[in-house]
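Report on one structure; see the data block that follows.
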Protein chains: 2
Amino acid sequence: MGDEPTLAGQPRQGVRADAQRSIDALLTAAAEVFAEDGVDAPVRQITAKAGVGAGTLYRHFPQRSDLIAAVFRHEVDACAAAAPTLAARYDPLEALTRWLQRFAGFIATKRGLSAALHSGDTTYDSLPGYFQQHFEPALSALLDSAAKAGAIRSDADPWDLLRAIGNLAVPAADDDSGHTQRMIALLVDGLRFGAGA
Amino acid sequence: MGDEPTLAGQPRQGVRADAQRSIDALLTAAAEVFAEDGVDAPVRQITAKAGVGAGTLYRHFPQRSDLIAAVFRHEVDACAAAAPTLAARYDPLEALTRWLQRFAGFIATKRGLSAALHSGDTTYDSLPGYFQQHFEPALSALLDSAAKAGAIRSDADPWDLLRAIGNLAVPAADDDSGHTQRMIALLVDGLRFGAGA
DNA sequence: TTGCTATCCGGAACGTTGTTCCGTATCGTG
DNA sequence: CACGATACGGAACAACGTTCCGGATAGCAA
């Protein structure tokens, strides 16, 4: 209470340099730990990897859910930002494929988050909207480019694709071994199939 | 290890009377606590309500998941067994409606179980099969009776209905207040609508 | 009924977790 | 360079799941 919410990403005015270092280290470490052991991983594991004390974590993220939400937004930003970068470097179809794989990698690090989202914690309320708001335009642009280039059909719905891959990438047991990537390739092939029509 | 799995329900040969009492008390208490606070509720809360020590719980249910699975099977049995009872007491349509409400009540007590099922704990592996194996025939019989009586259409798929109600009854926030019941009534009305055809 | 033994019970004790607290170290500024 | 505000680290606390064991009890045999 009284503590203004700590925003992830770009440094804020008035934040001391060492504080910003701690925040960055925590976000990086938390992202790695969440990817490895899910969002229920012990806090001490995060603080150890970040090389900070427990007090430092709770100073910047008063509740555990604040850290999770911050990491989530951080990664959503990074993933969405990859879309224009890929579009500039590769041809439209290649950029689309690579970004979908990138997106699948993002989803794969979200073990346990689905449950957290339905836990009723109001800190998470804004996350689904944030998710759609950033990813749908990113994918939409990639799809448009590929369609304009004649590489894929033009009636693909971005949000449909995001949900489909979201469901593909998250559920499986630990023996994935390329399954998700193959399924994405198949989806893209499906998009290419209708290119002529 | 070496401890044979403790079966819920009917007493086994060779179990001492006091042990059976403890098992019953634990299953009853756990069912209430799970319904109230979800499957993640503290173990001490269960032992306290059962009037039993912690050691007693772990003697009969070596892992937490064993207790959850036992309660689950226990309640599946009870819910499935209600079908023929209702069928004998009420007319086919009334029996069907009442059982679906009963089933929704069962689902409503399963907060957190969905997440547990996807946790990879092998103790839970048999539960989905157990679920379908007991509920599908129970509902199927009720549907057939109602269809034969001309009260509802005859092409309803039991498993479809179970899944639909399963999804209806579980997700909402805490402000349900009869929503599930209204939706079930609506579903039954839908079944009645096609009765003539 | 009485006594014996395998079994079971209760709750204290252990290790791990999330979270709080505070003495100390550091940053930014005059 | 010195000072106040801020942030740091890790010890300390509470709550959790789980283990352990001395004492109690049920079931059986005589």
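Lettering of chains follows the sequences in order, A, B, ..., and the numbering in each one begins at 1. In what follows, every heavy atom counts, from backbone to side chain, and hydrogens, waters and symmetry copies are set aside.
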**Report entry** Length of the line joining A:Phe61:CZ and D:dA7:P, which is rounded to integer Å
**Finding:** 13 Å

Report task. Compare the minimum distances between each of D:dA26, C:dC8, C:dG10 and the side chain of B:Ala17, then state the nucleotide with the smallest one. Result -> D:dA26

Report task. Scan A:Ala48 against the nucleic acid and name what it touches under 4.0 Å (heavy atoms): base, sugar-phosphate only, or nothing. Result -> nothing

Query raised in the report: In terms of the nearest nucleotide of DNA chain D, which residue is placed more toward the 5' end: B:Asp18 or B:Pro42?
Result: B:Pro42

Query raised in the report: What nucleic acid atoms does B:Thr47 come within less than 4.0 Å of, heavy atoms only: base, sugar-phosphate, or nothing?
Result: nothing

Requested in this report: Can you figure out which of C:dC27, D:dC8, C:dT19 approaches the side chain of A:Arg64 most closely?
Outcome: C:dT19

Report summary line: Atom CZ of A:Arg21 and atom P of C:dT26 are separated, to the nearest Å, by 11 Å

**Report entry** Which nucleotide in D:dT25, D:dG17, D:dT6 has an atom nearest any side-chain atom of A:Arg16
**Finding:** D:dT6

Query raised in the report: Rounded to the Å, how far apart are A:Tyr58 OH and D:dG9 P?
Result: 15 Å

Report task. Return the 5'-most residue of the pair A:Arg44, B:Val43 with respect to DNA chain D, ranking by each residue's nearest nucleotide. Result -> A:Arg44

Report task. With heavy atoms under 4.0 Å as the rule, sort B:Ala41 into base, sugar-phosphate or nothing. Result -> sugar-phosphate

Requested in this report: Look at all strands and tell whether B:Ala54 reaches a base, only sugar-phosphate, or nothing, counting heavy atoms closer than 4.0 Å.
Outcome: base

